[in-house]
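When a residue number appears, it is its place in the shown sequence, counting from 1. The structure presented is a predicted model; accordingly, all values stated were derived computationally and were not measured.
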Amino acid sequence: MNQNSISRYETGAHQADYATLIKLADYFNVSIDYLLERTDNPAINK
């Protein structure tokens, strides 16, 4: 993933698809809900 893609996600210009959300959550070791700002708790419930 390049810097332009990340910047577009951060600014809201583009939305990540489901597969990308999974990859980002795995990379940062956080839940998808945390990435989507649905919770303040980054913990992953498995």
Asker: Restricting to non-hydrogen atoms, name the atom on Val30 and the atom on Ile44 that form the minimum distance, rounded to 0.1 Å.
Answerer: C-CG1, 3.5 Å
Asker: Flag yes if more than 12 heavy atoms outside Asp17 fall under 6.0 Å of its CG atom; otherwise flag no.
Answerer: yes
Asker: What distance do Lys23 atom NZ and Asp26 atom CG have between them, rounded to the nearest 0.5 Å?
Answerer: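 Those atoms lie 10.0 Å apart.
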Asker: Is Tyr9 close to Met1 at the side-chain level, that is, under 4.5 Å between some pair of heavy atoms?
Answerer: yes
Asker: What are the two closest non-hydrogen atoms of Ala25 and Leu35, and how far apart are they?
Answerer: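 So the minimum-distance heavy-atom pair works out to N-CD1, 3.5 Å.
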Asker: Identify the heavy atoms of Pro42 and Asp40 that sit nearest to each other, and give their distance.
Answerer: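 That would be CD-O, 3.3 Å.
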Asker: Using every non-hydrogen atom in the two residues, find where Ser31 and Asn41 come nearest and quote the distance to one decimal.
Answerer: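 In this case the closest contact between Ser31 and Asn41 is OG-O, 4.0 Å.
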Asker: Distance from Thr20 atom OG1 to Gln15 atom CD, nearest 0.5 Å?
Answerer: 12.0 Å
Asker: Could you tell me whether the side chain of Thr11 and the main chain of Ser7 form a donor-acceptor pair under 3.5 Å?
Answerer: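 Side chain of Thr11 to backbone of Ser7: a pair is present.
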Asker: What are the two closest non-hydrogen atoms of Ile22 and Ile32, and how far apart are they?
Answerer: CG1-CD1, 3.9 Å
